[in-house]
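One structure below.
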Amino acid sequence: MTSNSCCHPSSAFIDFLDVGGTMTISQEIANLTEDSGQDLPEENVQIGSIQGTVVGLRYYTGTVNRGEMVSLVRQPQNPYDRNAVMVANVYGSQVGHIKKELAAPMAYIMDNNLARVEGVVPYGETNKFSMPVNLTFWGKEENRDAVHNQIRRHGFKLGTEFKGSLIWCTTQTSLGRDLLGLSSKMSAIPLTVEELKNAFDKLFDDLMEDKTREMEPAEVVCTSLLPHQKQALSWMTSRENSNDLPPFWEEKSGLYFNVLTNFAVKERPEKVLGGILADDMGLGKTLTTIALIASNFHNGKPLPLEQSVRSRKFDRNPSLWVAGTGKVPSGGSGGSGARATLIVCPLSVLSNWLDQFEQHIRADVTLKVYLYYGAERIRSVKLLSEQDVVLTTYNVLSSDFGNKANSPLHKVNWLRVVLDEGHVIRNPNALQSKAVLELQSERRWILSGTPIQNSLKDLYMLMSFLKLKPFDVKEWWSRIIQRPVTMGDRVGLKNLQVLVKGITLRRTKNSKVAGRMLVQLPERRVFVQHVTLSEEEREEYEQVRKEGRKVIGRYFEEGTIMTNYADVLAILVRLRQYCCHPGLVDDPGTPSELRERLINKITLVLNSGSDEECAICLDSLRQPVITYCAHVYCRPCICEVIRSEKQARCPLCRAQIKTKELVEYPGEEMQAGAATGENWRSSSKVDALMSNLLKLRNEDPTVKSLVVSQFTRFMDLIEVPLREYGFSFTRLDGSMAQKTRAKAIQDFQDSSPGSPTIMLLSLKAGGVGINLTAASHVFMMDPAWNPAAEDQCVDRCHRLGQSRDVVITKFIVKDSVEENMVKIQKKKQELVDKAFGVKKPQDLKQARMEEIRALMEI
DNA sequence: ACCGCCGGGTGCC
DNA sequence: ACCGCCGGGTGCC
C-alpha cells in the first residue's frame with residue numbers, strides 16, 4: 001500500500017448516485033462502510049522543519065545539487081545503528097546518512113508513522129564529507145506535539161518554516177536558482193478551490209498548439225485519414241522518433257538538468273518515446289494507432305508494399321489470427337531487435353481491433369497479427385517476438401503475470417506497447433497495473449478517452465507506465481506534483497500543466513482544426529416520455545413503496561441507515577424494477593444464515609443489470625464470488641490478491657479475507673425464472689416501447705434502434721413482444737462471451753435486408769468503444785443513476801460514421817422513484833456546474849441520506 | 001602529570 | 001577535514 005491522502009476535490013462528488021462510470025454497487029457499499037480515505041495517514045499538515053546534516057558522502061556515489069530534493073529512507077537493519085536514516089537522491093542512489101544524533105529521533109518518528117520526512121539540500125552540495133539538508137516533517141495535526149517532543153528530547157528544536165518561505169515553493173521551473181528562502185512570492189497565494197477546478201477541467205484542453213502538422217500514413221493503410229487523424233499520426237511519429245529530452249529536462253553545460261527536482265546527471269535521461277492519446281471517443285484512436293504501426297514500422301520506415309501480391313489468410317478460429325503466412329518482411333530483424341507492437345485492451349474491444357486491422361490494412365500486405373488470447377494461446381517468446389502486432393487483454397496479461405514463470409509477454413522486448421482504454425490501470429495496487437509496468441519497450445502509448453477520472457492519483461499510474469522520470473516513483477510524484485497541486489500551489493499546477501501538455505494529445509468532438517469542427521456529427525435529440533402506470537401496476541407499486549418506506553424509515557429512526565445500506569439499495573432496485581415490469585422483481589424471502597444473505601446479495605448485485613465490474617481487474621465479473629464482507633470480485637482476481645499477501649485483506653474495505661470464505665454465485669438457474677413463457681404479461685413501459693417501435697417501423701422499416709436497460713431480465717421480457725410482432729433483433733449484454741458479442745454487433749451493423757433492426761443493449765455492456773452506428777434511435781428503458789453512463793451509451797451510435805440524426809427517447813414513470821432519480825440528477829448536475837467544493841465524508845453521508853429520503857419521499 | 005599541551009592519526013551509519 | 005575527536009608523547013623557564 002502506498003501512503004496517500006490527497007484526492008482531488010472533484011472525487012468528492014462521486015457519491016452513491018454516481019454509480020455509473022466506475023462505481024458499482026459493491027463499491028458503493030464499501031465506500032460507506034469505510035472511513036472514506038482508504039489510504040494511510042493524512043499528511044497534508046506541515047509539522048515543522050529543521051536543518052540536519054548528511055554525513056558519509058565519500059562512501060557513496062549518489063550526488064545532489066543545490067536545491068535538490070532528496071528522500072529519507074530508514075535502514076533498521078544497519079549493523080552500526082538501527083536508527084540509521086539513509087539519504088538518497090532522486091534517482092535512488094545513496095548519498096549518505098543523516099547524522100546519528102538526529103537520526104535517533106527521526107527513526108522513532110518515521111517508524112511510528114508520526115510524520116513523513118522530506119529533505120532538500122539547500123547548499124554545500126560539493127562538500128566532500130557532509131552537507132546540510134533541510135528536513136520538513138509532514139503529518140497529521142494530532143501528531144504535531146509527539147513529533148516536536150521527540151525531537152526536543154534529543155536536544156533539537158523543530159522550527160516552523162525556513163526563512164519565511166514555504167518549503168514546497170522549491171518546486172519551481174526556474175532552473176533552481178531561486179532556492180529556499182529566496183524563492184518568489186508567486187506561489188505564496190494558493191489557488192482557490194474554484195480556480196483549481198477550472199484549471200483541472202482545462203488540463204486536457206487546448207493541447208493542440210504545435211500539434212497541427214499532418215502526416216500521410218504509409219501506403220499500406222487503405223483508409224484515408226481525416227485531418228485530425230493525420231495530425232495525431234504526425235505527432236505520435238515525431239514523439240516516437242524524437243530525440244528531445246523528456247519534459248522538465250534541460251541540457252546545461254554538458255549536464256542534464258531536471259528543473260523540478262534540481263537533479264543533474266551526466267547520462268542523458270531515458271527518452272519517453274510515447275505519450276497519451278486522449279482524444280474523445282469516436283475520433284479514431286484505433287485507426288490512428290494502426291496508421292502509426294504501419295507508418296513507423298521498423299527502424300522508422302513504413303511497412304513496405306510487397307512486390308508479390310499474396311492474399312492474406314485469416315484464421316480467427318480458435319485463438320490464432322495470423323495475417324499472411326509468408327516470411328517476415330526484410331529489415332525486421334535489424335536494429336534493436338524489437339519488431340512487435342503489443343496492444344493491450346479490454347476484452348470488449350478486442351474484436352474491434354481485429355476488424356480494424358482487417359479493414360484498414362491493404363489486403364495484399366503481410367502484417368503478422370497474433371491474438372494472444374484464450375486457453376490455447378501459444379506461450380512462446382519467439383513466436384511473439386516475430387509478430388508485427390500482438391493483441392491481448394488486460395486479464396490475460398495479468399493472469400500470465402501472476403503466473404510469473406510463464407509470462408512470455410513479459411520476456412519480449414517490444415517495439416512499442418499500446419494500452420487501449422489505458423485509464424483502466426489507474427489503480428496502482430491492481431494486479432493488471434503491476435503487470436503492465438513490467439512490460440519492456442522503449443515506446444509506450446496510452447489510448448484513453450478519459451485520462452483523468454477523478455484524481456491526480458490516476459495520472460500517477462500513467463506517468464509510471466510511461467516511465468517519465470522522476471514521476472514514475474510515488475514519492476517524487478507526490479512531492480513535486482500531487483501535493484503542491486492539491487494544496488493549491490500555482491507553481492505545482494503550472495508544472496502539472498507543462499507535464500501533461502508535453503506528452504498528451506487530446507481533441508474533443510468540439511475541437512476545431514483551422515476553424516472547422518473536427519467532426520461534424522448529426523444532431524442528437526433527447527425526448528423524455530412519461531409513462532403512466534396502469535391502475536393495477538400503480539397498486540402493486542404503492543404497496544412495495546409503502547413497505548420500503550416503512551423499512552427505511554425504521555433505519556432512519558434507529559440511525560442505522562448506513563449499516564443497512566445494502567438493504568436500502570435492494571429496496572430501491574426493487575422499486576425501479578416495478579417501474580419497468582412487475583415480473584422483474586424477485587421474491588425477497590427471509591434468509592437468516594450469512595451464506596444465504598451473501599448469495600442473496602451477490603445475486604442482487606449481478607441481477608441489478610448494471611454490468612458489475614470487478615474492483616480488481618475493473619472488467620466485467622468473471623466467475624463472480626462474494627467475500628464475507630460482502631464485496632464482489634472475479635474469483636481469479638481475488639484469489640490472486642489472497643495468494644500474494646500474507647495477511648490478505650479485502651481491497652475495498654480492508655477486512656480480512658480467505659479463499660475458503662468466498663461464496664460463489666449460484667447461477668441463473670437458482671432464480672425464479674422470469675415469466676417469459678405462456679404466462680407472460682406486458683407492462684405500461686413495454687407497451688410504450690412497442691408502440692414507438694411499431695410506429696417507427698411503419699414510417700421507415702430500415703431504421704434501427706437500440707433498446708437500453710440496466711436490467712438484463714427486463715431485456716428477456718422485452719424479447720417476447722419483439723418476437724410476437726415479428727421484429728428481427730440482436731442482443732448485447734455483459735454476460736455474453738466475446739464471440740457472441742462480436743457476432744451480435746456485426747449482425748446489427750449489417751445493413752442488408754432482413755438484418756436485425758433492434759438491439760437489446762444492457763447499459764454498460766462491453767464498455768466504451770463499441771460501434772453501433774447502424775442505430776439512429778435509442779430507447780432508454782430506465783434511468784441510470786449516472787447520466788454520464790447514458791450519454792456514453794448513446795455515444796456508441798452517435799459517433800463517427802453516423803449519418804442520421806440520433807433520436808433518444810427516455811421512458812420515465814410518472815410519480816415514481818424514477819422521477820425522483822431524474823430530479824436528483826439535475827440538482828447534482830447544477831451543483832457540479834456551480835462549484836466544486838471539498839465535501840467532508842460526514843457531509844457526503846448526510847447528502848446520501850437526504851437522497852434516500854428524496855427518493856423514498858420520506 | 002590522577003594534569004595541560006602538542007601534534008599525528010583519523011574520519012558515516 | 002583549512003574541522004573535531006582520539007589517544008600517545010611529553011613536561012620549567
Side-chain angles (χ1 to χ4, degrees), chain A residues 2-3 40-41 43 46-139 143 146-159 162-163 167 170 176 179-182 255 258 261-267 469-470 473-476 478-479:
Chain A
T2 45
S3 71
L40 285 177
E43 354 178 308
Q46 217 193 94
I47 289 181
S49 317
I50 188 171
Q51 188 162 97
T53 311
V54 188
V55 293
L57 302 190
R58 65 200 234 91
Y59 301 99
Y60 308 100
T61 52
T63 55
V64 282
N65 301 289
R66 183 174 164 78
E68 185 174 324
M69 300 177 169
V70 289
S71 74
L72 293 312
V73 185
R74 277 281 291 120
Q75 278 185 335
Q77 303 301 337
N78 190 300
Y80 303 94
D81 182 0
R82 55 192 180 80
N83 289 328
V85 176
M86 185 258 261
V87 179
N89 68 17
V90 180
Y91 269 20
S93 319
Q94 179 161 5
V95 175
H97 282 102
I98 294 292
K99 224 164 140 43
K100 59 179 181 298
E101 292 79 4
L102 186 57
M106 272 175 74
Y108 178 87
I109 288 164
M110 292 168 87
D111 293 348
N112 291 292
N113 249 322
L114 295 177
R116 252 173 49 81
V117 194
E118 295 184 354
V120 173
V121 172
Y123 59 87
E125 70 283 356
T126 49
N127 287 354
K128 274 204 172 103
F129 306 100
S130 72
M131 62 184 162
V133 57
N134 289 338
L135 302 168
T136 308
F137 293 72
W138 299 81
N143 292 334
V147 172
H148 277 262
N149 288 340
Q150 173 65 11
I151 296 279
R152 200 176 308 127
R153 258 201 297 281
H154 286 78
F156 300 96
K157 188 161 167 24
L158 272 193
F162 289 110
K163 303 176 188 173
I167 192 74
T170 47
L179 298 170
L180 299 171
L182 313 164
L255 286 176
N258 187 301
T261 56
N262 288 312
F263 186 63
V265 272
K266 281 199 201 77
E267 318 78 51
K469 294 184 188 293
V473 173
K474 186 80 192 194
E475 172 173 4
W476 303 115
S478 297
R479 281 181 64 175

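Letters go in sequence order (proteins before strands), and every chain restarts at 1. Below, all heavy atoms of this structure are taken into account, side chains as well, without hydrogens, waters or symmetry copies.
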**Report entry** By side-chain hydrogen bond (donor to acceptor under 3.5 Å, both in side chains) - contacts of Asn149(A) (at least two apart)
**Finding:** Arg152(A)
Requested in this report: Look at the rings of His97(A) and Tyr60(A) and say which category their plane angle falls in: under 30° parallel, 30 to 60° tilted, over 60° perpendicular.
Outcome: perpendicular
Within the sub-3.5 Å range, which N or O atoms of nucleotides 9-13 of chain B have a protein N or O partner, and how far apart are they?
| unit_1 | atom_1 | unit_2 | atom_2 | d |
| --- | --- | --- | --- | --- |
| dC12(B) | OP2 | Tyr59(A) | OH | 2.4 |
| dC12(B) | O2 | His97(A) | ND1 | 2.7 |
| dC12(B) | N3 | Tyr60(A) | OH | 2.8 |
| dC13(B) | OP1 | Lys100(A) | N | 3.2 |
| dC13(B) | OP2 | Lys100(A) | NZ | 3.3 |
| dC13(B) | O3' | Asp81(A) | OD2 | 2.6 |
| dC13(B) | O2 | Asn78(A) | ND2 | 3.2 |

Report summary line: For Arg58(A), the side-chain hydrogen bond (donor to acceptor under 3.5 Å, both in side chains) test, sequence neighbours excluded, returns none
Report task. Only counting residues at least two apart or in another chain, list the ones meeting salt bridge (charged side-chain N to carboxylate O under 4.0 Å, His left out) with Lys99(A). Result -> none
Requested in this report: Can you tell me, in whole Å, how much space there is between the C1' of dC12(B) and that of dG8(B)?
Outcome: 22 Å
Query raised in the report: How far, in whole Å, is dC6(B) from dG11(B) if one measures between their P atoms?
Result: 25 Å
**Report entry** Pairing partner of dG11(C) (Watson-Crick or G-U wobble, both distances under 3.5 Å)
**Finding:** dC3(B)
Requested in this report: Go through the structure and list residues passing side-chain hydrogen bond (donor to acceptor under 3.5 Å, both in side chains) with Glu125(A), not counting sequence neighbours.
Outcome: none
Query raised in the report: Using atom C1' of each nucleotide, how far apart are dC2(B) and dC13(C) to the nearest Å?
Result: 25 Å
Query - Partners meeting ring pair (Phe, Tyr, Trp, His ring centres under 6.0 Å) with Tyr108(A) (sequence neighbours left out) - result: none
